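Below: the structure, in structure tokens.
To find a chain, count down the sequence lines: A is the first, B the second, and so on, and within it residues start at 1. All values reported here derive from a predicted model rather than from experimental measurement.
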Protein chains: 2
Amino acid sequence: MADHVDMVLDQWRRRRPDLDVSPMGVIGRLSRLTQLVNTELARTFAEHDLDRASFDVLATLRRSDPPHQLTPNDLMKASMVTSGAVTQRLDRLEARGLVRRTRNEADGRSVKVSLTEEGRDLIDRVLPRHLETENRVLGALTGKQRDTLARTLRELLESLGDTQE
Amino acid sequence: MADHVDMVLDQWRRRRPDLDVSPMGVIGRLSRLTQLVNTELARTFAEHDLDRASFDVLATLRRSDPPHQLTPNDLMKASMVTSGAVTQRLDRLEARGLVRRTRNEADGRSVKVSLTEEGRDLIDRVLPRHLETENRVLGALTGKQRDTLARTLRELLESLGDTQE
DNA sequence: ACAATGTATCTCAGCGCTAAGCTATCTCGG
DNA sequence: CCGAGATAGCTTAGCGCTGAGATACATTGT
């Protein structure tokens with residue numbers, strides 16, 4: 001059995017036999033798989049009028065310590081997008097009544113973002129469905145394979161500096 | 001040692017002990033790693049005034065059978081983007097003189113895209129640097145780990161329908 | 001006390017992509 | 001041979017993000 005990347009690797013080996021293209025066997029698959037998985041996850045989000053960006057914000061707030069308040073800066077660090085993107089995400093979520101921005105008494109530059117009751121209800125409704133989808137996407141792997149995969153990905157992430165500070 | 005996803009999993013387990021969030025240990029890392037890797041690859045592309053989109057088109061043409069001619073439709077299938085995106089990618093590359101569009105004699109609806117000499121020179125210059133970067137990104141893994149990883153990712157891709165037709 | 005520097009957030013032009021729809025051409029059954 | 005449907009590529013409005021920069025407030029060193 002062969003996937004799309006196998007075909008790509010074959011082509012390169014015919015066309016450029018002088019190059020070692022084996023790293024593409026890993027990185028090409030990573031990128032392709034992430035795209036397919038994201039498409040699959042997007043379906044579940046869409047069923048609740050969400051997309052990944054909004055889901056990420058709601059989920060990050062939901063899993064934070066009570067009282068579930070974070071600054072835009074916290075959200076930026078967690079989401080790997082720029083501050084401008086966070087502002088716009090919050091604008092959209094606030095307009096839908098899913099989050100609330102309040103002044104930060106302790107620091108006049110800053111803002112506190114929290115879930116509204118509606119926002120919390122929504123994320124609590126979506127989360128189990130999201131986990132089902134993730135589980136289904138991983139259905140081809142045994143538990144042991146998943147563990148090994150998670151561990152290997154963690155090694156790579158750590159080597160690229162993605163650690164808890 | 002713990003990465004960002006470990007922290008996220010801990011948070012969920014405290015906040016929602018009723019849910020099994022283990023799938024996030026795999027899918028969260030996949031998504032996060034892909035983003036970090038893409039940032040790293042983008043640096044190499046930028047050194048040659050390229051981005052991933054342009055690189056993908058040039059590389060797909062370069063590895064195709066002589067005479068390195070593909071239709072926009074072929075490029076669309078290979079790249080997982082819409083036809084509109086392919087049109088725009090080709091517009092940009094054509095304006096820079098890196099690819100050429102010619103009529104398809106056999107089918108008046110269609111077009112043939114080929115590399116110019118300049119385009120071919122560029123991709124041949126970038127490709128080895130790109131592979132070095134990919135290799136460096138995978139530096140934390142042994143050869144055996146890379147093989148296992150590639151195989152596992154392929155299983156997932158196949159289960160999601162990403163096969164050669 | 002305050003100037004200089006740092007930090008938090010927001011603003012916005014520009015970019016690449018998608019989704020929907022358009023035009024031109026091809027295919028095929030009747 | 002022709003009309004209906006399929007196919008290939010292009011167009012474009014709208015979307016979310018980036019990168020650069022603006023604003024306001026906080027911190028630091030002297």
Side-chain angles (χ1 to χ4, degrees), chain A residues 31 34-36 38-43 45-46 49-58 60 69-96 98-114 165, chain B residues 31-32 34-36 38-43 45-46 49-58 60-61 69-96 98-114 165:
Chain A
S31 140
T34 299
Q35 176 141 7
L36 288 176
N38 282 343
T39 302
E40 202 52 36
L41 300 185
R43 204 192 316 275
F45 295 145
D49 288 313
L50 284 175
D51 55 17
R52 171 158 266 276
S54 295
F55 176 86
D56 274 350
V57 171
L58 298 179
T60 304
Q69 289 194 338
L70 296 173
T71 66
N73 200 24
D74 295 332
L75 291 166
M76 183 179 76
K77 288 177 199 157
S79 64
M80 307 177 89
V81 295
T82 62
S83 65
V86 172
T87 298
Q88 293 174 44
R89 287 177 177 194
L90 293 175
D91 288 346
R92 297 194 292 274
L93 288 169
E94 197 171 32
R96 288 180 60 186
L98 300 174
V99 305
R100 184 190 306 116
R101 276 191 262 224
T102 51
R103 307 189 342 95
N104 186 337
E105 308 294 340
D107 186 338
R109 295 166 299 180
S110 185
V111 164
K112 283 183 181 174
V113 182
S114 51
E165 59 277 9
Chain B
S31 141
R32 216 167 158 89
T34 299
Q35 177 142 5
L36 288 176
N38 282 342
T39 301
E40 202 52 36
L41 301 185
R43 202 192 318 273
F45 296 144
D49 288 311
L50 284 175
D51 55 16
R52 168 158 269 274
S54 296
F55 175 86
D56 273 351
V57 172
L58 297 180
T60 305
L61 287 167
Q69 288 194 338
L70 295 174
T71 65
N73 200 25
D74 295 332
L75 291 166
M76 182 179 76
K77 287 176 198 156
S79 64
M80 306 178 90
V81 296
T82 61
S83 66
V86 172
T87 297
Q88 293 174 46
R89 289 177 177 195
L90 293 176
D91 288 347
R92 296 195 292 273
L93 289 169
E94 198 172 32
R96 290 180 58 186
L98 300 174
V99 307
R100 184 190 304 115
R101 277 191 261 223
T102 50
R103 306 190 340 99
N104 186 337
E105 307 294 340
D107 186 339
R109 295 166 301 182
S110 187
V111 164
K112 283 182 180 173
V113 181
S114 50
E165 58 274 12

Fill in: Residue pair Met76(B) / Val86(B): nearest heavy atoms and the distance that separates them
CA-CG2, 3.7 Å
Practice prompt. Spell out, as yes or no, whether a donor-acceptor pair under 3.5 Å connects the side chain of Asp74(B) to the backbone of Thr71(B).
Written response: yes
Response to the item:
Heavy-atom contacts, protein to nucleotides 10-20 of chain D, under 4.0 Å, summarised as B (base), S (sugar-phosphate only) or - (none) per nt, yield BBB---SBB--
Worksheet item: Could you state the CZ-P distance from Arg109(A) to dA8(C), rounded to the nearest angstrom?
Response: 6 Å
Worksheet item: When the nearest nucleotide of DNA chain D is assigned to Thr71(B) and to Ala106(A) on a heavy-atom basis, which residue is associated with the more 5' position?
Response: Thr71(B)
Item to complete: For the pair Arg101(B) and Glu94(B), find out whether any cationic side-chain nitrogen is under 4.0 Å from an anionic carboxylate oxygen.
Response: yes
Item to complete: Measure from NZ on Lys112(A) to C1' on dA8(C) and round the result to the nearest Å.
Response: 15 Å
Worksheet entry | Atom-to-atom span, CZ of Arg103(A) to P of dA24(D) - whole angstrom | 15 Å
Discussion item. Quick check for you: to the nearest 0.5 Å, what is the distance between Asn104(B) atom CG and Lys112(B) atom NZ?
Written reply: 5.0 Å
Item to complete: Using atom types as modelled and distance alone, determine if a side-chain donor or acceptor of Thr60(B) lies under 3.5 Å from a backbone N or O of Asp56(B).
Response: yes
Worksheet item: Do Arg89(B) and Asp51(B) meet the salt-bridge criterion of a basic N to acidic O distance under 4.0 Å?
Response: no
Worksheet item: Separation of Asp107(A) atom CG from dG6(C) atom C1', in whole Å?
Response: 12 Å
Worksheet entry | Between P of dG9(D) and CG of Leu75(B), the distance in whole Å | 9 Å
Worksheet item: What is the distance from CE of Met76(B) to P of dC17(C), rounded to the nearest Å?
Response: 14 Å
Practice prompt. Round to a whole Å and report the spacing from CG of Asn104(A) to P of dC10(C).
Written response: 12 Å
Fill in: Separation of dT18(C) C1' from Arg52(A) CZ (nearest whole Å)
18 Å
